[in-house]
Protein chains: 2
Amino acid sequence: MSQFGEYIRNRREELQKNSPSMFSLRKVAQEADIEPSYLSKIERGLQPPPGQTTIEALARVLDEDKDVMLALAGKVSDDLSKIIQKRPKLFATLIRELKDMPDKAVLRLVREVRDGEW
Amino acid sequence: MSQFGEYIRNRREELQKNSPSMFSLRKVAQEADIEPSYLSKIERGLQPPPGQTTIEALARVLDEDKDVMLALAGKVSDDLSKIIQKRPKLFATLIRELKDMPDKAVLRLVREVRDGEW
DNA sequence: CATGTTGTGTAGTATATACTACACACTCCA
DNA sequence: TGGAGTGTGTAGTATATACTACACAACATG
């Protein structure tokens with residue numbers, strides 16, 4: 001079961017509390033350029049999550065992290081895929097190696113890279 | 001243009017030189033559980049690369065790296081996708097950060113992780 | 001009490017993905 | 001010289017993906 005629908009419904013309803021007119025299902029659907037009934041079905045899990053473009057539009061409208069939303073939909077952002085595909089062995093090895101590492105350890109790597117410890 | 005077809009044709013012909021009977025198009029197709037005509041078309045780029053399962057079968061038969069072959073087909077292995085999807089922000093940040101880093105730098109990270117420099 | 005706005009139900013469609021089935025021509029070689 | 005094996009051409013199919021179009025009932029609100 002993809003939690004995608006539940007997640008965006010919760011998020012939308014939360015936003016709707018503060019600005020009811022801006023976050024009705026119809027408004028959000030319109031912003032994301034899809035039919036309201038389609039969004040309704042997605043939110044209730046009657047339809048699988050939409051395509052990458054629509055997910056990104058929804059992430060924008062709902063001010064959510066695009067990578068998190070894609071993950072909930074069982075996808076990986078195209079830009080990440082392309083980075084991996086340019087050096088598949090390298091990234092495959094690294095990612096598999098990091099699979100069971102605690103967040104802290106991975107974050108340390110990120111910081112190391114960012115600070116340019118070379 | 002996906003280089004996938006050209007790549008596996010070259011690889012197969014190379015293997016065919018040494019063991020002609022084991023690496024005919026038909027034999028390879030049979031091992032990979034697809035129709036010869038389909039493989040023929042894939043090799044000549046008349047069909048897009050096959051699905052993940054078939055690519056993995058071909059990688060096995062041709063003794064090639066599965067991640068490299070998937071990359072040539074514009075895909076990313078499902079197991080890698082799942083690792084990313086479990087901690088999307090973390091991995092997205094890391095991968096984007098490593099995008100333009102030289103191989104050496106990334107390899108150093110891999111070694112660091114493997115050797116458990118914590 | 002009519003009008004607008006809410007979410008939802010039904011019934012589709014277009015396009016892509018991932019193939020199969022089978023006939024054909026050519027070459028090798030016993 | 002005919003039978004096995006080579007690759008290829010044509011013509012499909014099944015299933016999944018990613019949606020649209022429109023009608024409808026419930027609610028509120030002016």
Side-chain angles (χ1 to χ4, degrees), chain A residues 1-2 4-59 61-62 69-70 72-78 81, chain B residues 1-2 4-59 61-62 69-70 72-78 81:
Chain A
M1 293 288 93
S2 160
F4 183 85
E6 198 185 331
Y7 186 86
I8 63 168
R9 167 141 296 189
N10 288 340
R11 175 64 179 153
R12 186 177 62 80
E13 287 178 341
E14 195 188 317
L15 291 165
Q16 203 174 16
K17 280 180 197 160
N18 299 327
S19 358
S21 68
M22 290 181 67
F23 292 99
S24 77
L25 187 145
R26 287 174 126 84
K27 263 282 162 61
V28 170
Q30 189 186 319
E31 294 287 323
D33 205 33
I34 53 172
E35 286 292 309
S37 62
Y38 185 40
L39 179 55
S40 169
K41 277 167 278 187
I42 289 166
E43 284 191 351
R44 286 170 299 144
L46 303 183
Q47 287 273 339
Q52 168 149 335
T53 312
T54 300
I55 291 175
E56 282 168 7
L58 286 171
V61 176
L62 301 175
M69 301 221 16
L70 285 167
L72 285 169
K75 314 195 186 216
V76 169
S77 182
D78 253 13
S81 293
Chain B
M1 296 290 95
S2 160
F4 183 85
E6 199 184 330
Y7 187 85
I8 63 167
R9 165 142 297 189
N10 289 338
R11 175 64 179 156
R12 186 177 63 77
E13 288 180 341
E14 195 187 319
L15 291 166
Q16 204 174 15
K17 280 179 199 162
N18 299 326
S19 358
S21 67
M22 290 181 66
F23 293 98
S24 78
L25 187 145
R26 275 163 199 278
K27 263 283 162 60
V28 170
Q30 189 185 318
E31 294 287 321
D33 205 33
I34 54 173
E35 287 291 312
S37 63
Y38 185 39
L39 179 54
S40 169
K41 277 167 277 187
I42 289 166
E43 283 191 351
R44 286 171 298 142
L46 303 182
Q47 285 274 339
Q52 169 149 337
T53 312
T54 298
I55 291 174
E56 283 168 6
L58 287 171
V61 176
L62 302 176
M69 302 221 16
L70 286 167
L72 285 169
K75 314 197 187 218
V76 169
S77 181
D78 254 14
S81 293

Is a donor-acceptor pair below 3.5 Å formed from side chain B:Ser37 to base D:dG9, judging by atom type as modelled?
yes
Considering every strand and a 4.0 Å limit on heavy-atom distances, what is the contact class for B:Glu43: base, sugar-phosphate, or nothing?
nothing
Think A:Thr54 has a side-chain N or O under 4.0 angstrom from the OP1 or OP2 of D:dC19?
yes
Establish, with yes or no, whether the OP1 or OP2 oxygen of C:dT10 is under 4.0 angstrom from a side-chain nitrogen or oxygen of A:Gln47.
no
Kindly say if B:Arg44 contacts the phosphate of D:dT8, meaning a side-chain N or O under 4.0 Å from OP1 or OP2.
yes
Backbone N or O of B:Leu62 within a donor-acceptor pair of the B:Arg11 side chain at under 3.5 Å?
yes
Is the CG atom of B:Asp33 crowded by more than 12 outside heavy atoms at less than 6.0 Å?
no
Is the phosphate of D:dT6 approached by B:Arg12 (side-chain N or O, under 4.0 Å from OP1 or OP2)?
no
Under-4.0 Å side-chain N/O to phosphate OP1/OP2 contact, A:Lys75 with D:dT17:
no
Between A:Arg9 and A:Glu6, does any NZ, NE, NH1 or NH2 come within less than 4.0 Å of an OD or OE carboxylate oxygen?
no
B:Pro36 or A:Pro36: which one's nearest nucleotide on DNA chain D is closer to the 5' end?
B:Pro36
Side chain of B:Tyr38 (C-beta onward), nearest among C:dT20, C:dT8, D:dT6
C:dT20
Under 4.0 Å, counting only non-hydrogen atoms across every strand here, what does A:Glu13 touch: a base, just sugar-phosphate, or nothing?
nothing
Could you check whether any side-chain heavy atom of A:Pro50 comes within less than 4.5 Å of a side-chain heavy atom of A:Ile34, counting everything from C-beta outward?
no
Side-chain-base donor-acceptor pair under 3.5 Å for B:Arg26 and D:dG5
no
Under 3.5 Å donor-acceptor pair, A:Lys41 side-chain atoms to C:dT10 base atoms:
yes
Find the distance B:Asp33:CG to C:dA18:P and express it as a whole number of Å.
16 Å
Give a yes/no answer on whether the side chain of B:Ser24 brings an N or O atom under 4.0 Å of OP1 or OP2 in D:dT6.
yes
